[in-house]
Amino acid sequence: MDSLIIAGKTYFSRLLVGTGKYKDFAETRAAIDASGAEIITVAIRRTNLGQNPDEPNLLDVLPPSQYTLLPNTAGCYTVDDAIRTLRLARELLDGHSLVKLEVLGDPRTLYPNMVETIKAAEILIKEGFQVMVYTSDDPIIAKQLEEIGCVAIMPLASLIGSGMGILNPWNLQIIIDNATVPVIVDAGVGTASDATIAMELGCDGVLTNTAIATAQNAVLMASAMKKAVEAGREAYRAGRMAKRLYNGSPSSPVSGIIASRTDKAL
Amino acid sequence: MIQLIINGQPQHFPVHDQMRPLTNDHDGAVLNITQLLEHMALRGKRIAVERNGEIVPRSKFDEQLLINGDRLEIVVAVGGG
């Protein structure tokens, strides 16, 4: 069985999904079930003071016993905020140490600040966290993140929430070729074919949120993403044919054709 | 009254009978975290608490005393990508 191993734990789905931007918890749950994802990201936020105490909680809809919850540091622009957020997450999730680190650099592009990301990753790893790290698609940075002990490298395919797809497959290819930990495309996937392209390149997985949650039919898109990731993975494992512009080679036999063109040659 | 900064907002908590005022051996401490959460209707909810930048483990909610001016973060998991 083709499985994905992250920090020593085996997963059978290579699609990781976020839980943001859904209409309501019912749609969140339905989409996540349709996606078949085992790892799902959650954000950590201040509780709304004065909220209705009976308001449903995301963790009741998505119990940690059924999924691997991956708390993120979305919205954090400093090392300190990211670290405090994940310490709170670890406490909230009863000591769970697998986390998604992102330290952003700019609110307009949500592009990661890699200098701060590396600093935060070093501290978190020292504190015993298993860090899956959001990164730019710089192959040197990606390798450094692996060397300091990150358990998965998660390069962007394009900007967070942009849906622009795989903009630099060549950088992703280099990152994948260099890596000995899983490489998971995080950010930029807009539709199913983007996920397939990422997997065909040899990515170990795809993480997507907006493409599913903001589709006209989120549950159907979740199902499409599941198939797209599986298809891309199978195509990668199968090994694609070589590309060639000329020197075409027909699939059917070249001899025995009844065409008069061959008869005239006699 | 005790003033706490909770999630960035100043909040005042009166000491009343149900809060079982504690002795003042912690520089004006009047309530612990369990009592605070009770007061905020958050007791037993899936939350995590940070006090003055340090995590307060759930197992320490009863013994962690709060003093005037403490800064608390009380967080939950929400949808995110």
Side-chain angles (χ1 to χ4, degrees), chain A residues 16-22 24-25 27-28 32 40-55 57-64 69-75 80 83-85 87-95 100 102 134 160-161 186-187 207-213, chain B residues 1-16 18-19 30-81:
Chain A
L16 293 72
V17 296
T19 55
K21 299 184 181 171
Y22 287 99
D24 51 36
F25 281 159
E27 189 187 54
T28 309
I32 283 162
I40 60 179
T41 64
V42 298
I44 304 298
R45 288 293 179 269
R46 286 170 161 174
T47 185
N48 193 3
L49 300 180
Q51 74 180 0
N52 172 7
D54 297 323
E55 198 173 289
N57 183 302
L58 182 67
L59 298 186
D60 297 329
V61 183
L62 301 169
L69 295 186
L70 187 64
N72 69 25
T73 59
D80 191 51
I83 288 170
R84 286 171 60 204
T85 297
R87 286 176 184 153
L88 281 162
R90 181 158 64 176
E91 176 60 23
L92 184 65
L93 299 173
D94 303 315
K100 172 183 159 181
E102 61 183 83
Y134 178 58
I160 292 175
D186 181 3
L207 197 167
T208 183
N209 187 156
T210 309
I212 295 175
Chain B
M1 294 286 268
I2 181 175
Q3 178 177 286
L4 303 171
I5 313 293
I6 302 180
N7 294 349
Q9 297 175 31
Q11 303 269 317
H12 293 88
F13 293 91
V15 183
H16 53 74
Q18 285 82 357
M19 277 195 179
V30 293
L31 75 164
N32 63 33
I33 290 184
T34 302
Q35 290 166 329
L36 173 73
L37 295 176
E38 185 89 50
H39 197 78
M40 299 178 72
L42 288 174
R43 195 166 171 201
K45 301 285 175 194
R46 291 175 180 272
I47 52 149
V49 178
E50 180 196 77
R51 172 179 171 265
N52 299 332
E54 301 288 334
I55 296 294
V56 183
R58 226 165 300 163
S59 59
K60 296 271 172 21
F61 281 0
D62 282 346
E63 58 192 77
Q64 180 60 63
L65 305 176
L66 297 170
I67 60 173
N68 201 43
D70 273 355
R71 303 183 73 90
L72 299 172
E73 295 288 345
I74 305 177
V75 301
V76 291
V78 301

### Query
Is there side-chain contact between A/Arg87 and B/Glu54, with heavy atoms separated by less than 4.5 Å?
no
### Query
Where is the tightest heavy-atom contact between B/Gly79 and A/Ala43, given as atom of each residue plus distance?
O-CB, 4.0 Å
### The single option from A/Asn48, A/Ile44, A/Thr47 passing side chain to side chain contact (heavy atoms under 4.5 Å, CB included) against B/Val76
A/Thr47
### Summary
Cut-off 4.5 Å, heavy atoms of chain A, and the answer for B/Ile74 is both
## Note on the structure
Per-residue tally against chain B (heavy atom, under 4.5 Å) across A/Leu62, A/Thr208, A/Asp60 peaks at A/Asp60
## Note on the structure
For A/Glu102 and B/Gly81, the nearest pair of non-hydrogen atoms, with its separation, is OE1-O, 4.2 Å
### Message
Run B/Val78 and A/Val42 through side chain to side chain contact (heavy atoms under 4.5 Å, CB included) and show every step you take.
### Response
CA-CA 6 Å; B/Val78 301; A/Val42 298; over 6 Å; no
### Task
Specify which of A/Asp94, A/Thr85, A/Asp80 makes the most heavy-atom pairs with chain B at under 4.5 Å.
A/Asp94
### Check: A/Leu49 and B/Met40 side chains under 4.5 Å, non-hydrogen atoms
yes
### A/Arg46 (side chain) donor-acceptor with B/Val75 (main chain) under 3.5 angstrom
no
### Task
Would you name the heavy atoms of A/Glu91 and B/Pro57 that are closest together and state the gap between them?
OE2-CA, 3.3 Å
### Task
Tell me, for A/Lys21 versus chain B, whether the close heavy atoms (under 4.5 Å) come from the side chain, the backbone, both or neither.
neither
### Query
For chain B, which of A/Asn72, A/Asn209, A/Leu59 has the most heavy-atom pairs under 4.5 Å?
A/Leu59
